[in-house]
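Note: hydrogens, waters and symmetry copies are ignored here, and every other heavy atom, side chains too, is used.
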Amino acid sequence: MRLLPAALCTTMITAVALLAPAHASAAPAPPDAEPTKGACAFSPLEDQSYATWVGLPPDPAHTPERGVRKVTLETSQGDIPIVLERALAPCTVQSFLHLVRKNYFDGTDCHRLTAYQTPPAALSVLQCGDPLGTGWGDPGYSFADELDSADALEPWPDAPDRRKYARGTLAMANGGPDTNGSQFFLVYADSRLRPDYNVFGHVTDEGLAVLDKIAAGGIDPGTEGTPEDGAPAVGVTIEQAR
């Protein structure tokens, strides 16, 4: 499944969807795995072909919806501190923290960098969270969209059905409605998107400086990308998320 920010790479963003792969050695979900019983209803995927299974996140009767949690993505290009905001998307934060605790992101590559700047397109993001580094991986489960925070974003000028995912926004990539898993994107310049991607935090100024360096390194289109959408030319590996 390729994941984009609402279409970003199962798929690519304004014209793209966001994707996520898994570790080759990952164990599949147990055959008797069922959705969790709490409000988040984390649900095992029927197709575990691309899954890196580390279990389902805790799903209490009342999902924590206040406060922030700080996470640092220690990457090969420098540390990217991010702030997770529970009030924006409680279940998304619950899932992300679970994956951090399970070391899910450690040793994974940020597989996609975009630089769509020709109007009306505008998409400038670094996409990470795919253990396979191909855009097809997932954690073996999915959860529903939490789009109130996306709906509340400022409309894009002259495009009321689009939102401005402003520089510094942290959001989930997906392959369609309610397909959230592990892939996420970091916005390094204001981007034009439908309000279809869970916004669940922001990148700090320190992290944005590292994103700017990565973006300045350019895009390697490889055999499937374009000069505006491919892999980061400098290579970005999340060595540890903590």
**Ion pair check, R167 and D212, cut-off under 4.0 Å** = yes
**Request:** Following the transitive rule for hydrophobic clusters with a side-chain heavy-atom cut-off under 4.5 Å over Ile, Leu, Val, Met, Phe, Trp and Tyr, establish whether L208 and V83 coincide in one cluster.
**Result:** no
**Message:** How close do D106 and Q240 get, counting heavy atoms only, and between which atoms?
**Reply:** OD1-CA, 3.3 Å
**Asked** Checking side-chain contact (heavy atoms from CB on, under 4.5 Å) for the pair R194/R162: CA distance, chi angles, key distance, verdict?
**Response** CA-CA 4 Å; R194 292 184 184 276; R162 302 294 196 273; 3.1 Å; yes
**Message:** With a 4.5 Å cut-off on side-chain heavy-atom distances among I, L, V, M, F, W and Y, is there a chain of contacts connecting V234 to L211?
**Reply:** yes
**Request:** Might you point out which heavy atoms bring T114 and Y188 nearest each other, and give the distance in Å?
**Result:** O-OH, 2.6 Å
**Request:** Evaluate side-chain contact (heavy atoms from CB on, under 4.5 Å) for T72 paired with I80, printing each intermediate quantity in order.
**Result:** CA-CA 6 Å; T72 298; I80 303 177; over 6 Å; no
**Asked** Side chains of D151 and P195: closer than 4.5 Å at any heavy-atom pair?
**Response** yes
**Message:** With no hydrogens and no angle check, just 3.5 Å: does a side-chain donor-acceptor pair link N180 and S142?
**Reply:** no
**Prompt:** Rounded to the nearest 0.5 Å, how far does CG of L84 lie from NE2 of H202?
**Reply:** 9.5 Å
**Asked** Within the side chain of T75, is there an N or O that forms a donor-acceptor pair under 3.5 Å with the backbone of Q77?
**Response** yes
**Request:** Please tell me if the side chains of P131 and Y104 come closer than 4.5 Å, counting only heavy atoms from C-beta onward.
**Result:** yes
**Prompt:** Are the side chain of D178 and the backbone N or O of D145 linked by a donor-acceptor pair below 3.5 Å?
**Reply:** yes
**Asked** Measuring from D79:CG to I238:CD1, what's the distance to the nearest 0.5 Å?
**Response** 11.5 Å
**Asked** Heavy-atom distance under 4.5 Å between the side chains of V71 and L97, does that happen here?
**Response** yes
**Item:** Side chain D109, main chain H111, donor-acceptor under 3.5 Å
**Value:** no
**Message:** How long is the straight-line distance from SG of C128 back to CG of L170, given to the nearest 0.5 Å?
**Reply:** 9.5 Å
**Prompt:** Can you tell me how far OG of S149 sits from CG of N198, rounded to the nearest 0.5 angstrom?
**Reply:** 6.5 Å
**Sub-4.5 Å side-chain heavy-atom contact between L73 and V210** = no
**Prompt:** Do other residues, nucleotides or ligands put more than 12 heavy atoms under 6.0 Å from D161 CG?
**Reply:** yes
**Message:** Test of understanding: with salt bridge (charged side-chain N to carboxylate O under 4.0 Å, His left out), list the residues that count as partners of E74, not counting sequence neighbours.
**Reply:** R242
**Message:** Quick one: does any side-chain atom of S182 pair with a main-chain N or O of D138 as donor and acceptor, under 3.5 Å?
**Reply:** no
**Fill in**
Residues G181 and S95: closest non-hydrogen pair is O-OG, 4.0 Å
Show me the donor-acceptor pairs, under 3.5 Å and distance only, between side chains in residues 54-61 and residues at least two apart or in other chains.
{"residue": "D59", "atom": "OD1", "partner": "A39", "partner atom": "N", "Å": "3.4"}
{"residue": "D59", "atom": "OD1", "partner": "C40", "partner atom": "N", "Å": "3.2"}
{"residue": "D59", "atom": "OD2", "partner": "T36", "partner atom": "OG1", "Å": "2.6"}
{"residue": "D59", "atom": "OD2", "partner": "G38", "partner atom": "N", "Å": "3.1"}
{"residue": "D59", "atom": "OD2", "partner": "C40", "partner atom": "N", "Å": "3.4"}
{"residue": "D59", "atom": "OD2", "partner": "A41", "partner atom": "N", "Å": "2.9"}

**Prompt:** Under a single-linkage definition using a 4.5 Å side-chain heavy-atom cutoff for Ile, Leu, Val, Met, Phe, Trp and Tyr, are L88 and L153 assigned to the same hydrophobic cluster?
**Reply:** yes
**Minimum heavy-atom distance between P64 and R86, given as atom pair plus value** = CB-NH1, 3.5 Å
**Prompt:** At what distance, to the nearest 0.5 angstrom, does CZ of F185 lie from CG of N174?
**Reply:** 8.0 Å
**Prompt:** Any chance NZ of K213 has more than 12 other-residue heavy atoms, nucleotides or ligands included, within less than 6.0 Å?
**Reply:** yes
**Prompt:** What about M172 and V100, same hydrophobic cluster or not, with Ile/Leu/Val/Met/Phe/Trp/Tyr joined at side-chain heavy-atom distances under 4.5 Å?
**Reply:** yes
**Item:** Passing option when T169 is tested against V125, V187, L193 for side chain to side chain contact (heavy atoms under 4.5 Å, CB included)
**Value:** V187
**Message:** For T237 versus G107, what's the shortest heavy-atom pair and its separation?
**Reply:** CG2-C, 4.0 Å
**side-chain contact (heavy atoms from CB on, under 4.5 Å) between F42 and Q94, intermediate numbers included** = CA-CA 10 Å; F42 299 111; Q94 188 80 350; 4.2 Å; yes
**Message:** Checking side-chain polar atoms at under 3.5 Å, does T134 have a donor or acceptor matched by the opposite partner on Y50?
**Reply:** no
**Request:** Begin from the C-alpha positions of E146 and T92 and carry the test side chain to side chain donor-acceptor pair (under 3.5 Å) through to its verdict.
**Result:** CA-CA 8 Å; E146 297 179 291; T92 303; 2.7 Å; yes
**Request:** Measure centre to centre between the rings of F96 and F105, then say whether the value is under 6.0 Å.
**Result:** yes
**Asked** How about E228 and T118: do any of their side-chain heavy atoms sit closer than 4.5 Å?
**Response** yes
**Prompt:** What pair of heavy atoms forms the shortest contact from A33 to P44, and how long is it?
**Reply:** CB-CG, 3.7 Å
